[in-house]
Each structure stands twice: as C-alpha cells, then as structure tokens.
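Worksheet: the structure to be examined is printed underneath.
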Amino acid sequence: MTTEPIVRARLLLVEDEDAIAVPLVEGLEREGFDVTSVRTGGAALQAAEHADLVLLDLGLPDVDGSDVCRTLRRSSDTPIIVLTARGDELDRVLLLELGADDYVVKPFGFRELVARIRAVRRRTGRPDATESERQGVQQVGALRIDRRARRVVIDENEIALTPKEFDLLARLADDLGTVVRRDQLIEEVWDEHWWGPTKTLDVHIASLRKKLGNPTWITTVRSVGYRLDVAR
Ligand code: CA
C-alpha cells in the first residue's frame, strides 16, 4: 500500500441553494475533497484564489454566474465546472468561451459530478488528492494493481494487459463493487468524443476477463455497465 501523504484538493462550491449545496458539500468531503461553500458571486471572486477547482452555479443572487466565470478566467487558470439548470439555453461552445472547463446540467447525479471533477483535474494536469492516492498500489484479495508502473499482479503472477485493458481494469477498480456505466467507461477510458461502436467495450471486457482468469470478478449489468468484485 502507498504511504504517501494525502493532500486534499480544495474545491470552491458557489451555490446559493442550500438544498443543493449542503448535501453536495457533505458528499464531496466524503470523497476526500476539502470544500468551501459560498452563496454569491462576490464571495466566489474573493475565495477563488485559494481553490484548486471551482464548481459554479450560474443562477446567483448578486451577479450572473457567467460573469463570475469570465472574471475568474481572466485572473487565473483554476479549472471551472459550471452547474447549470439552463442546459438547453447554454450550449457547450458558449460555456467554453466563458472559460469553463466543463459543465453539468441540473439535476445531475453525484457520481457524475465526481467523475467530471476527476476528469477535469486529470485533463488540466492537477491530479487531486484522491487521484494521487489512486496512483498508488491497490491490493484487493489476490489482485494487485500498480497504477504508477501500470502492472497487474494476481497471486504474484504478472498479467500482461494492453494499455486499454489496463485503463479499463483500473477504472472499474476505482469504483470497486459498484456498477460503472458503459458511457462512463467509454468516455473515461477511450475519449469523450469517441463515437466508435460500443461493441469495442464488450470485446475489451471479454479479453480482460480471460486474462484475469477469474471470470466472476467482472459482472455484466445488462444495458447498464460493468462491476468489478474481487473476493478479499
Ligand atoms: Ca442558484
């Protein structure tokens, strides 16, 4: 197991609705993030310099969130994920022009938001605390995944995986015991703009199962995704 110190990534949540902000802060703290929550654009601009990533609601009581986004982007390159209830009106191009790195449309799933935070931080070269923890060695039962060396060992025998098979296994292992949706796997392991046949995913899973030699470890959840379970 890794013994490196864990540095928590600092998230700034800018959201005026308690019904959204309170559970979000709790959930994100549980995920290992250090979360500061503010309700106004003015407070956001003051607090942003201490943040590693900003989650920004567009509908704020004092100023328009899109102005906050533009202002933040002018003064720093801190990643910004916009939380918008206006999915239809604000297209991706406009948000990217404002300087946002990504956006989620309300109501969004918590797992989806966490996945986007991690994806944005990976993409912008700032792997977060949970991420650096995940860069280490993960041992579950007989399975050992070394993300830094990109090696997989089962009962002391190294398993030769292709790069995509490794990424797929590592992604499933990130959410051990939980179903990871097909579209998430395709987006995160391949590319978010990957439009190839989703059959490719099944082919890689089949090959991975065979190489792991424990076909029960990866469960197919029909038309949803896949789940990795390893007996401890
Ligand atoms: Ca709002």
Side-chain angles (χ1 to χ4, degrees), residues 7-131 174-175 178-181 183-184 186-188 192-193 224-225:
V7 181
R8 283 150 61 94
R10 297 161 304 174
L11 304 186
L12 174 64
L13 173 65
V14 188
E15 169 64 70
D16 58 309
E17 275 176 72
D18 285 347
I20 295 174
V22 171
L24 210 47
V25 170
E26 285 174 7
L28 291 169
E29 295 267 358
R30 266 201 309 276
E31 287 291 319
F33 297 107
D34 179 355
V35 189
T36 302
S37 176
V38 297
R39 297 157 156 272
T40 63
L45 293 174
Q46 287 190 339
E49 66 171 306
H50 304 294
D52 297 317
L53 184 142
V54 179
L55 299 170
L56 178 65
D57 174 31
L58 287 189
L60 296 171
D62 55 342
V63 286
D64 195 291
S66 53
D67 290 332
V68 176
C69 190
R70 213 179 278 116
T71 306
L72 284 178
R73 182 50 74 242
R74 264 201 299 265
S75 60
S76 85
D77 59 356
T78 304
I80 301 169
I81 298 178
V82 162
L83 314 176
T84 177
R86 297 179 261 173
D88 293 333
E89 295 168 38
L90 278 169
D91 64 35
R92 190 181 177 87
V93 173
L94 177 58
L95 285 165
L96 298 180
E97 275 173 9
L98 288 175
D101 295 89
D102 203 351
Y103 69 98
V104 291
V105 179
K106 293 175 182 176
F108 50 82
F110 179 69
R111 302 288 349 157
E112 181 195 354
L113 178 64
V114 171
R116 287 189 185 266
I117 292 170
R118 295 206 166 113
V120 164
R121 288 182 57 73
R122 264 198 301 272
R123 222 162 52 215
T124 53
R126 301 172 182 86
D128 62 43
T130 319
E131 200 65 33
D174 280 346
D175 283 316
T178 307
V179 182
V180 185
R181 293 198 324 268
D183 57 332
Q184 270 179 289
I186 289 169
E187 179 177 323
E188 292 176 34
E192 65 176 308
H193 305 299
V224 179

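Ligands are counted one by one from 1 in listed order, and the atoms in each one are counted from 1 as well.
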Side chain E29, main chain V35, donor-acceptor under 3.5 Å: yes

Side chain to side chain contact (heavy atoms under 4.5 Å, CB included), paired with V22, selected from L24, I20, D18: D18

Validation row: V14, V68 side chains within 4.5 angstrom (heavy atoms): no

Heavy-atom side-chain proximity of V82 to L98 below 4.5 angstrom: no

For the Ca ion (ligand 1), every protein N/O/S atom that sits closer than 3.0 Å, waters excluded: D16 OD1, D57 OD2, G59 O

L12 side, atom CG; L55 side, atom CG - distance, nearest 0.5 Å: 8.0 Å

Spacing of CG belonging to L56 relative to CD1 belonging to I80, to within rounding of 0.5 Å: 6.5 Å

